[in-house]
Amino acid sequence: MTDSMRNNHPFPAEPTQIIYVEGSDRQIGQQHAEQLGAKIAQGMAPFYTAFFDRVSNPLDINFLEKVGLGCLQKGLDQFLVQKLIQQIPMEFKERISGMSEVSQVEEGIFLKAFILPDLLPMLQAYLIRLKPQLGISVALPQFGCSSFISKNKSFYLGRNLDFPGVAYWDRYPVIQVTRPKNKLSYIAMTSAGVPLGGISGVNESGISVALHQHYTTHTDRGGLLPFVITERILSEAKSLDDALSLIQSHPLASSWAFVIADGKAQNGFIYEATPKISGIRWLAEEGNVLTHTNYFVSKNCKGRDYATTERMNWDNFWRRTTLDGLLRTDLEDFSVERGLEAISNHTDGFWKEEKTINRTVSQVYNIQSYLIDFTQQKLFLAEGNCPIHLQSYREYDLNELFQGKKGASNKSRLGYSFKDPHKKLAKQEYILSFVSAFDGKDEQAFQRLQSSLELSFTPEASIVAALMNLRLDGNIDASLDFLVKGEIAVESKVRNQENSIFPPEYFEILLYQARVHDLKGERSEASRLYKKILAHSDLRDANIRKASEGAKSYSLKRAKRLIMPYSTYIPFD
């Protein structure tokens with residue numbers, strides 16, 4: 001990547017930095033901060049803290065709502081936040097403290113950021129317990145990342161990390177080689193301000209870990225953060241049995257899946273767990289291919305998840321279905337090139353076409369992507385400006401990294417290659433719009449969103465455009481135009497596909513059409529659309545059904561209070 005390319009991008013990524021840390025946990029934290037410098041204060045921890053603050057403080061709430069929200073936040077801080085922080089083991093607090101000391105970033109910022117992966121699903125679980133009608137059962141899959149383990153003549157692990165943090169995590173990528181005192185050395189694929197390998201990592205014995213988030217109503221305030229367990233796997237486990245024993249000996253705070261591979265034994269498993277139940281899937285039992293996209297598949301856990309929208313189900317179902325199909329086709333001829341193309345794939349399996357967003361293996365929230373070829377001891381890590389799936393995968397030598405040598409090669413491989421270059425540009429514009437919105441730059445976000453739609457119209461993006469236009473007090477008819485165009489596009493696709501049904505985004509489009517008509521004072525047209533939604537045989541989303549039944553007049557204030565209009569999973573207020 002040339003300097004001119006980096007400088008022309010609004011969120012230019014730094015080159016991947018290889019760092020070596022060793023000694024006590026405090027020393028590891030200090031060395032992480034010393035080598036990464038100012039990137040610590042610009043990276044993930046401050047971003048997550050600001051993100052959580054925005055989520056916790058919605059726009060356009062009145063005085064009484066602010067008072068009530070303030071009381072709720074204080075209660076949650078005492079009941080849950082501080083309890084989760086207490087559960088962070090002392091050695092990890094030492095690592096955080098060492099990093100804070102050198103970086104001069106407040107320790108509390110790191111602590112809050114580190115518990116967010118458990119805090120947010122736990123809060124949602126409490127909400128679903130109070131209002132079970134908000135949870136949609138997962139007849140199809142769930143939220144999050146994509147991973148696979150496959151075995152033929154070679155042994156591979158592929159991983160996408162999908163989580164809020166696009167243009168933050170991937171802007172400051174780090175390969176950290178950790179040499180803890182009297183323990184195994186391990187390599188972390190991480191980011192500035194995250195001195196851990198427990199999210200994505202591999203140790204000197206060939207044991208690799210990858211975490212996937214799940215959503216169930218099971219919680220345990222006394223449980224451990226998942227990366228605490230996986231960090232111990234990396235520093236202690238020499239076999240799959242060791243890894244399994246470590247997982248089973250620690251309680252979880254919320255629900256997770258652990259994707260564990262042994263590069264030397266060429267075997268692996270996916271351990272699915274809530275704080276109450278668990279199940280395990282072994283590589284050999286599934287035909288030498290394991291794929292996971294954050295929904296439970298094992299006999300013990302299957303059906304314990306919930307979703308917040310039907311589109312969340314469909315998106316993840318097709319993500320896993322596409323990935324699984326790409327891996328199992330001609331498995332004996334599977335290669336690094338095919339693995340990279342699979343993990344960055346942009347095909348919507350439902351429509352059987354290239355797409356910029358939704359039902360694609362390459363998710364909007366992707367912040368990390370890599371493939372490990374254990375047979376050749378090579379790591380292929382996606383690098384460059386967001387979205388990283390449009391860039392290339394640099395080759396690293398794992399043996400050299402463990403030996404303290406250079407590790408990085410000058411070789412790079414491409415991932416998925418768009419057949420339609422306009423869709424590739426549309427994906428980039430959509431992601432840049434998404435990042436701008438997370439940074440609170442709504443006008444810039446809307447401009448890039450319009451550019452994405454002009455390059456390649458996507459019905460799901462038209463919903464976001466309609467909502468962003470309303471947030472900016474734009475012309476209401478313009479929002480309606482986006483939605484009508486989305487409706488026409490979906491209906492046209494259904495007509496042209498044999499035995500096709502209407503996908504979930506169709507009903508989201510109709511719901512917001514009705515709401516926009518309400519904003520225009522056209523109540524009769526709004527009522528007609530609500531009735532159309534309720535009468536449709538393909539409607540499966542309980543939340544949309546509930547929103548349409550006896551729907552009251554919609555207000556602009558409600559549109560502006562939407563927390564994340566870009567999210568596939570939380571489009572409703």
To the closest 0.5 Å, what do you measure between CZ (Phe258) and CZ (Phe227)? 11.5 Å

Non-hydrogen side-chain atoms of Phe11 and Ser436 separated by less than 4.5 Å: yes

Distance-minimising heavy-atom pair for Ala13 and Asp170: CB-O, 3.7 Å

Residue pair Ile270, Ile280: steps toward the side chain to side chain contact (heavy atoms under 4.5 Å, CB included) verdict: CA-CA 6 Å; Ile270 297 175; Ile280 189 167; over 6 Å; no

Working note: Asp162 + Asn366, criterion side-chain hydrogen bond (donor to acceptor under 3.5 Å, both in side chains); need CA distance, chi angles, decisive distance, verdict. CA-CA 4 Å; Asp162 301 318; Asn366 183 247; 3.1 Å; yes

Nearest non-hydrogen partners of Ser298 and Gly279, listed with the distance: OG-CA, 3.5 Å

Can you measure from CG (Asn160) to CD (Gln363) and round to the nearest 0.5 angstrom? 8.5 Å

Any side-chain to backbone donor/acceptor pair from Ser191 onto Tyr172? Under 3.5 Å, distance only. yes

Could you check Thr291 against Arg320 for side-chain hydrogen bond (donor to acceptor under 3.5 Å, both in side chains), going step by step and ending with a plain yes or no? CA-CA 7 Å; Thr291 53; Arg320 180 172 184 262; 3.2 Å; yes

Would you call the rings of Phe110 and Phe114 parallel, tilted or perpendicular if under 30° counts as parallel and over 60° as perpendicular? perpendicular

Have a look at Gln176 and tell me which of Gln31, Gln17, His32 forms a side chain to side chain donor-acceptor pair (under 3.5 Å) with it. His32

May I ask you to check whether Ser255 and Thr216 show a side-chain donor-acceptor distance below 3.5 Å? yes

Does a salt bridge link Glu91 with Lys181, judged by any charged N lying under 4.0 Å from a carboxylate O? no

Any chance you could lay out the side chain to side chain contact (heavy atoms under 4.5 Å, CB included) test for Tyr566 and Ile463, step after step, and finish with the verdict? CA-CA 9 Å; Tyr566 281 74; Ile463 303 172; over 6 Å; no

If you define the side chain from C-beta out and look only at heavy atoms, does anything of Asp373 sit under 4.5 Å from Phe380? yes

Mind running side chain to side chain contact (heavy atoms under 4.5 Å, CB included) on Leu379 and Ile175 for me, showing each step along the way? CA-CA 11 Å; Leu379 164 70; Ile175 292 177; 4.1 Å; yes

Determine, stepwise, if the pair Ser235 / Tyr186 fulfils side-chain hydrogen bond (donor to acceptor under 3.5 Å, both in side chains). CA-CA 7 Å; Ser235 64; Tyr186 55 92; 5.8 Å; no

Report yes if some heavy atom in the side chain of Leu224 is under 4.5 Å from a heavy atom in the side chain of Ile88; otherwise report no. no

Can Arg311 and Glu460 be counted as an ion pair, charged N to O under 4.0 angstrom? no

Is there side-chain contact between Pro226 and Gln213, with heavy atoms separated by less than 4.5 Å? no

So do Cys386 and Arg171 actually touch side chain to side chain, heavy atoms under 4.5 Å? no

Are Leu36 and Val174 close enough that some pair of their side-chain heavy atoms sits under 4.5 Å apart? yes

Kindly indicate, with the supporting measurements, whether the criterion side-chain hydrogen bond (donor to acceptor under 3.5 Å, both in side chains) is fulfilled by Arg232 and His250. CA-CA 11 Å; Arg232 288 176 178 169; His250 293 91; 3.0 Å; yes

Which of parallel (below 30°), tilted (30 to 60°) and perpendicular (above 60°) describes Tyr295 and His292? parallel

Are Glu204 and Lys264 within salt-bridge range, i.e. N to O under 4.0 Å? no

Hey, could you give me the OH/CD1 distance between Tyr370 and Ile388, rounded to the nearest 0.5 Å? 11.5 Å

Is there a donor in the side chain of Thr375 and an acceptor in the side chain of Tyr156, or the other way round, less than 3.5 Å apart? no

Say you draw a straight line from NZ of Lys39 to CD of Glu14; how long is it, rounded to the nearest 0.5 Å? 5.0 Å

Check: Phe350 ring centroid to Phe317 ring centroid under 6.0 Å: no

Say whether Arg179 and Ser185, considering side chains only, have a donor N or O and an acceptor N or O under 3.5 Å apart. no

Could you tell me whether a side-chain N or O of Asn300 sits under 3.5 Å from a main-chain N or O of Ser278, the two making a donor and an acceptor? yes

In terms of heavy-atom contacts, does NZ of Lys238 have more than 12 from other residues, nucleotides or ligands at under 6.0 Å? no

Heavy-atom closest contact (Glu310 atom, Asp541 atom, distance): N-OD2, 2.7 Å

Quick one about His346 and Ser362 (side-chain donor to acceptor, distance below 3.5 Å, no hydrogens or angles considered), yes or no? yes

Between Ser100 and Ile96 (side chain of the first, backbone of the second, donor and acceptor by atom type, cut-off under 3.5 Å), is there such a pair? no

Atom pair CG/CZ of Leu184 and Phe402 - distance to nearest 0.5 Å: 9.0 Å

Please tell me whether Asn345 and His389 have a donor and an acceptor in their side chains that are separated by less than 3.5 angstrom. no

Would you check if Leu252 and Thr274 make a side-chain contact, meaning some heavy-atom pair closer than 4.5 Å? no

Output yes when Glu231 and Lys183 qualify as a salt bridge under the 4.0 Å nitrogen-oxygen rule, no when they do not. no

Going by heavy atoms in the side chains, are Glu94 and Gln30 under 4.5 Å from each other? no

With a 3.5 Å cut-off and no angle check, do the side chains of Arg26 and Ser97 form a donor-acceptor pair? yes

For Gly268 against Ile149, the heavy-atom pair lying closest together: CA-CD1, 4.2 Å

Distance-minimising heavy-atom pair for Arg95 and Pro195: NH1-O, 2.9 Å

Is the distance between the ring centroids of Phe434 and Phe438 under 6.0 Å? yes

Side chain to side chain contact (heavy atoms under 4.5 Å, CB included) between Leu211 and Thr230: does it pass, once the steps are laid out? CA-CA 8 Å; Leu211 281 172; Thr230 44; 3.8 Å; yes

Determine, stepwise, if the pair Phe374 / Phe155 fulfils ring-ring contact (aromatic ring centres under 6.0 Å, His included). CA-CA 6 Å; Phe374 285 101; Phe155 185 64; 5.4 Å; yes

Only residue of Thr178, Asn203, Leu246 satisfying side chain to side chain contact (heavy atoms under 4.5 Å, CB included) with Leu234 is Asn203

In Å and rounded to the nearest 0.5 Å, what is the SG to CZ distance from Cys301 to Arg281? 10.5 Å

Heavy-atom closest pair, residues Leu240 and Ile207: N-CD1, 4.1 Å

Between Asp324 and Arg328, does any NZ, NE, NH1 or NH2 come within less than 4.0 Å of an OD or OE carboxylate oxygen? yes

